[in-house]
Amino acid sequence: MTINFSPEHTDPSASLDFIRNIIAEDLKANKNDGRVHTRFPPEPNGYLHIGHAKSICLNFGIAAEHKGGLCNLRFDDTNPSKEDIKYVESIMKDVRWLGFDWGDRLFYASDYFDRLYQYAVQLIKKGKAYVCDLSPDEIREYRGTLTEPGRESPYRNRSAEENLDLFECMRSGEFEDGSRVLRAKIDMASPNLNMRDPVMYRILRAEHHRTGNKWCIYPMYDFTHCLSDSIEGITHSICTMEFENNRPLYDWFLDQLEVDCHPRQIEFARLNLSHTILSKRKLLALVEGKLVSGWDDPRMPTIAGLRRRGYTPESIRNFCDRIGVAKRESVVDIALLEHYIREDLNRRAPRVMAVLRPLKVIIDNYPEEKVEEMDAENNPEDPGMGSRKVLFSKTLYIEQHDFRENPPKKFFRLSPGSEIRLKHAYYIKCTKVIKDEHTGEVIQLHCTYDPETRGGWSKDGRIVKGTSHWVSAAHSVKAEVRLYDHLFLRANPDDEKDRDFRTFLNPNSLETLTSCRVEPCLAETAPGSFYQFLRQGYFCVDSVDSSPEKPVFNRTVSLRDSWAKIEKSRGTEAPYF
RNA sequence: UGGGGCGUCGACAAGCGGUAAGUCACAGGAUUUUGGAUCCUGCAUUCGGAGGUUCGAAUCCUCCCGCCCCAGCCA
């Protein structure tokens, strides 16, 4: 296990969440021989997202916090019509990437199909299950409603012998898909609809990604899950709130079958994140509607998307630890996620200069052919990361936003006549502004530099308030930069019932900049490596589209920007050309 | 309208009868060769509402209000 324990889970004085509290009590009461064994049970029918990360961190985290604690990875693969091997592969990759290890405990519910069948037979023999010939529509009718009890199926009182025979025929393929089901015989009048003779097995001729065509009947979730947990010796079966109504059924199967291991199911509230959606169905709609480039589009809240966006496993784990675990429905502010990636990258990302929207600057009093090597520290937060050389010359690029012809109050950057520091280089003063005669756009600046300020210090103690990043025109390379922003404009895109969530998509969630100039060393970096582009944000090399010939960077998250905040509150932001 | 669950700062979230932790966000200030980072400071007389019990209630009781989940041969 490579995870770092967060302080709140290792500090005994810190408060535990209600699940860890329950487990601590169980341990104190000597339940389960002192064992703690959890599991993460995804269905391989889609990609994992940050909501799953919460569950993964919870389950694997709890196991890691206890001596001898274990967490299994188990695929809940009981519905071959929706599942696929490609999802099991992506899920394993994502769990591993998040930093968790299931050791040799990789399981599949399909591993238990034979045993499950035997359990079903046992139930039939006990008179607790029966084969029902009702059609799906009839079953629904017989189930009753929220306020009215259901009616018993006419097939409910078949003999055990007949049921055994019929069930065997179901298995051997003698009946059509959907023509019969095996049902638990519980209580058609139960106020909990899950207890109104739930279906245990359905006939479904679909090739299973692991068992092939061995089966034409497949067990349902409720029957499978509790028994899979029991077979694996799970002590605490942690799931989300919508399964709370299923708990009596979970317990019923285990009680009826008198199994040795009866795990305790505990439900917690699933994660909701502001400015995005965490529903497999809706995420799929974005992918299929080509509203994003795929499951790993850097705007997607999927693990694959976050990874491509530049999020680190550490930041996601810290986030999951911080949001807590409770039963109340909530929406976590995405700013909290952004806080954790900034915190992690601030510590670890090498600083580098990149000009996203270049504005040419000529230093008039700098010799034509001269090139100087300037020392630049790689990370002021970590001197151990060393320094590098950055080349300075007569023709440079600075950021368009670092110049303002008519500077507003408190604008510390370059403007006609003002002086700023070029990071790691010299002080420069703007002497002349060249504009496009038709558009009025500022296209070039003429400046002078002070040779006495090499490295960015002046001996006379004169203070410049602004420091800009820059790049030498001749000693920089072109790059594409993708600026990502929130996927949705609304904090909660589904809170308006009559408006489709897609109407709140942020039209500016992706802005592609193609004429950026970056330090030459950035052309040669490995996919996924991350940097802080000085004064702008954290960026990573795109793992799909970047190449040394055409480097592509994704903005993971911007730096906090108090000047932008001031401008925004004043409404005086400058336009980009 | 049956059953189950949940309501504590803008967002999360502790609190478990002794007088509202923490984090993010936000707002000030210090500092700064990133308007970054860092560091200080401020930010719920009040816990969905109303009653009640108690010397004392977010915590216990009663009633009310609001939100979520359940009528798949999905999980």
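Numbered from 1 within each chain, the chains take letters A, B, ... in sequence-line order.
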K.L.:
Looking at CE of A/Met170 and OH of A/Tyr117, how far apart are the two atoms once the value is rounded to the nearest 0.5 Å?
P.N.:
8.5 Å

K.L.:
Which sits closer to the 5' end of RNA chain B, A/Thr147 or A/Pro42, going by the nucleotide each is nearest to?
P.N.:
A/Thr147

K.L.:
Could you identify which residues of residues 179-199 of chain A place a heavy atom less than 4.0 Å from some atom of RNA chain B, listed by residue number, or say none?
P.N.:
A/Val181, A/Pro191, A/Leu193, A/Val199

K.L.:
Could you tell me the Watson-Crick or G-U partner of B/C67, where both distances fall under 3.5 Å? Say none if there is no partner.
P.N.:
B/G5

K.L.:
Between B/U23 and B/A37, how far apart are the P atoms? Round to whole Å, please.
P.N.:
16 Å

K.L.:
Please state the P separation for the pair B/C24 and B/C74 - nearest whole angstrom.
P.N.:
46 Å

K.L.:
Would you tabulate the side-chain donor-acceptor contacts of residues 225-232 of chain A under 3.5 Å, counting partners in other chains and residues two or more places apart, or write 'none'?
P.N.:
from     : atom 1 : to       : atom 2 : distance (Å)
A/His225 : ND1    : A/Asp76  : OD2    : 2.8
A/His225 : NE2    : A/Arg39  : NH1    : 2.6
A/Ser228 : OG     : A/Thr224 : O      : 2.7
A/Asp229 : OD1    : A/Arg74  : NH1    : 3.2
A/Asp229 : OD1    : A/Arg74  : NH2    : 2.6
A/Asp229 : OD2    : A/Ser237 : OG     : 2.6
A/Asp229 : OD2    : A/Tyr250 : OH     : 2.7
A/Ser230 : OG     : A/Cys261 : O      : 2.7
A/Glu232 : OE1    : A/Asn72  : ND2    : 2.7
A/Glu232 : OE1    : A/Arg74  : NH1    : 3.1
A/Glu232 : OE2    : A/Arg74  : NH1    : 3.2
A/Glu232 : OE2    : A/Tyr112 : OH     : 2.5

K.L.:
Establish, with yes or no, whether the OP1 or OP2 oxygen of B/C26 is under 4.0 angstrom from a side-chain nitrogen or oxygen of A/Lys565.
P.N.:
yes

K.L.:
Using atom C1' of each nucleotide, how far apart are B/C43 and B/U54 to the nearest Å?
P.N.:
33 Å

K.L.:
Contact class for A/Leu422 vs. all strands (heavy atom < 4.0 Å): base, sugar-phosphate, or nothing?
P.N.:
nothing

K.L.:
If I take atom OG1 from residue A/Thr453 and atom OH from residue A/Tyr427, how far apart are they, to the nearest 0.5 angstrom?
P.N.:
6.5 Å

K.L.:
Check this for me, if you would: do A/Arg462 and A/Asp460 make a salt bridge, where the nitrogen-to-carboxylate-oxygen distance has to be below 4.0 angstrom?
P.N.:
yes

K.L.:
To the side chain of A/Glu242, which of B/C69, B/C24, B/C12 is closest?
P.N.:
B/C69

K.L.:
Output all residues satisfying salt bridge (charged side-chain N to carboxylate O under 4.0 Å, His left out) with A/Arg413, sequence neighbours left out; order by chain, then residue number.
P.N.:
A/Asp402

K.L.:
Please measure how far the C1' atom in B/U41 lies from the corresponding atom in B/G5, and state the result in whole Å.
P.N.:
41 Å

K.L.:
Detail all sub-3.5 Å separations between protein N/O atoms and N/O atoms belonging to nucleotides 4-8 of chain B.
P.N.:
from : atom 1 : to       : atom 2 : distance (Å)
B/G5 : O4'    : A/Glu244 : OE1    : 3.4
B/U8 : OP2    : A/Arg328 : NE     : 3.4
B/U8 : OP2    : A/Arg328 : NH1    : 2.8
B/U8 : O4     : A/Arg328 : NH2    : 3.3

K.L.:
How would you list all residue pairs meeting salt bridge (charged side-chain N to carboxylate O under 4.0 Å, His left out) that involve residues 187-207 of chain A, not counting sequence neighbours?
P.N.:
A/Arg156-A/Asp197, A/Asp177-A/Arg205

K.L.:
For A/Thr145, enumerate each residue passing the side-chain contact (heavy atoms from CB on, under 4.5 Å) test, keeping only those at least two apart in sequence or located in another chain.
P.N.:
A/Thr147, A/Glu148

K.L.:
Nearest-nucleotide wise, let me know which of A/Lys54 and A/Arg421 is further upstream toward the 5' end of RNA chain B.
P.N.:
A/Lys54

K.L.:
Taking the six-membered ring of A/Tyr108 as reference, does the NZ or CZ atom of A/Arg210 fall below 6.0 Å from its centre and within a 45° cone about the axis?
P.N.:
yes

K.L.:
For nucleotides 35-40 of chain B, read 5' to 3', which letter fits each nucleotide if B means a protein heavy atom sits under 4.0 Å from the base, S means only the sugar-phosphate is that close, and - means neither?
P.N.:
BBS---

K.L.:
Identify, with sequence neighbours excluded, every residue that meets side-chain contact (heavy atoms from CB on, under 4.5 Å) alongside A/Asp344.
P.N.:
A/Thr312, A/Glu314, A/Ser315, A/Arg347, A/Arg348

K.L.:
Categorize A/Leu134 for me: base, sugar-phosphate, or nothing, with a 4.0 angstrom heavy-atom threshold over every strand shown.
P.N.:
base

K.L.:
Base, sugar-phosphate, or nothing for A/Ile323, non-hydrogen atoms under 4.0 angstrom?
P.N.:
sugar-phosphate

K.L.:
Using whole Å, what does the distance between atom P of nucleotide B/A13 and atom CG of A/Asn272 come to?
P.N.:
10 Å

K.L.:
Give each protein N/O atom lying under 3.5 Å from an N/O atom of nucleotides 21-23 of chain B, with the pair distance.
P.N.:
from  : atom 1 : to       : atom 2 : distance (Å)
B/G22 : O2'    : A/Arg322 : NH2    : 3.0
B/U23 : O4'    : A/Arg322 : NH2    : 3.4

K.L.:
With rounding to the nearest 0.5 angstrom, report the CD to CG distance, A/Glu373 to A/Leu391.
P.N.:
6.0 Å

K.L.:
A/Leu283 and A/His49: which non-hydrogen atoms are nearest, and at how many Å?
P.N.:
CD2-CD2, 4.0 Å

K.L.:
Within the supplied structure, the quantity of interest is the number of heavy atoms (other residues, nucleotides, ligands) at a distance under 6.0 Å from A/Arg270 CZ; does it exceed 12?
P.N.:
no

K.L.:
Distance check, rounded to the nearest 0.5 Å: A/Cys447 atom SG versus A/Tyr426 atom OH?
P.N.:
15.0 Å

K.L.:
Considering every strand shown, what is the Watson-Crick or G-U wobble mate of B/A20 when both distances are under 3.5 Å?
P.N.:
none

K.L.:
Any sub-3.5 Å donor-acceptor pair from A/Asn163's side-chain atoms to A/Tyr130's backbone N or O?
P.N.:
no

K.L.:
When rounded to the nearest Å, what value does the distance between P atoms of B/A50 and B/U59 take?
P.N.:
12 Å

K.L.:
Mind checking who B/U38 pairs with, Watson-Crick or G-U wobble, both distances under 3.5 Å?
P.N.:
B/A30

K.L.:
Give me the distance, rounded to whole Å, that separates B/U19 from B/U46 when you measure between the C1' atoms they each carry.
P.N.:
11 Å

K.L.:
Answer yes or no: does a side-chain N or O of A/Arg281 lie under 4.0 Å from OP1 or OP2 of B/C74?
P.N.:
no

K.L.:
Is B/G72 in the syn range, within 90° of 0, or in the anti range?
P.N.:
syn

K.L.:
Base, sugar-phosphate alone, or nothing: which one does A/Ser135 contact when heavy atoms must sit under 4.0 Å apart?
P.N.:
base

K.L.:
Heavy atoms only, 4.0 Å cut-off, all strands: where does A/His424 land among base, sugar-phosphate and nothing?
P.N.:
base

K.L.:
Considering Watson-Crick and G-U wobble pairs with both distances under 3.5 Å, what does B/U54 pair with?
P.N.:
none

K.L.:
Answer yes or no: does a side-chain N or O of A/Arg270 lie under 4.0 Å from OP1 or OP2 of B/A75?
P.N.:
no

K.L.:
How far does CD1 of A/Ile316 sit from NZ of A/Lys54, to the nearest 0.5 angstrom?
P.N.:
15.0 Å

K.L.:
Should the pair A/Glu43-A/Lys82 be classified as a salt bridge under the 4.0 Å nitrogen-to-oxygen rule?
P.N.:
no

K.L.:
Pull out every protein N or O sitting under 3.5 Å from an N or O of nucleotides 18-20 of chain B, one pair per line with the distance.
P.N.:
none

K.L.:
Looking for any heavy atom pair under 4.0 Å, which part of the strands does A/Val331 touch: base, sugar-phosphate only, or nothing?
P.N.:
sugar-phosphate

K.L.:
Is it true that A/Glu377 and A/Arg388 make a salt bridge, defined as a side-chain N closer than 4.0 Å to a carboxylate O?
P.N.:
no

K.L.:
With sequence neighbours left out, write down each residue that passes side-chain contact (heavy atoms from CB on, under 4.5 Å) with A/Lys327, or none if nothing qualifies.
P.N.:
A/Phe18, A/Met241, A/Glu244, A/Glu267

K.L.:
Given the P atoms of B/G3 and B/A44, what is the spacing between them in whole Å?
P.N.:
41 Å

K.L.:
Identify, with sequence neighbours excluded, every residue that meets salt bridge (charged side-chain N to carboxylate O under 4.0 Å, His left out) alongside A/Lys389.
P.N.:
A/Asp375

K.L.:
Taking the same atom, P, in B/U53 and in B/G15, what whole-Å distance lies between them?
P.N.:
29 Å

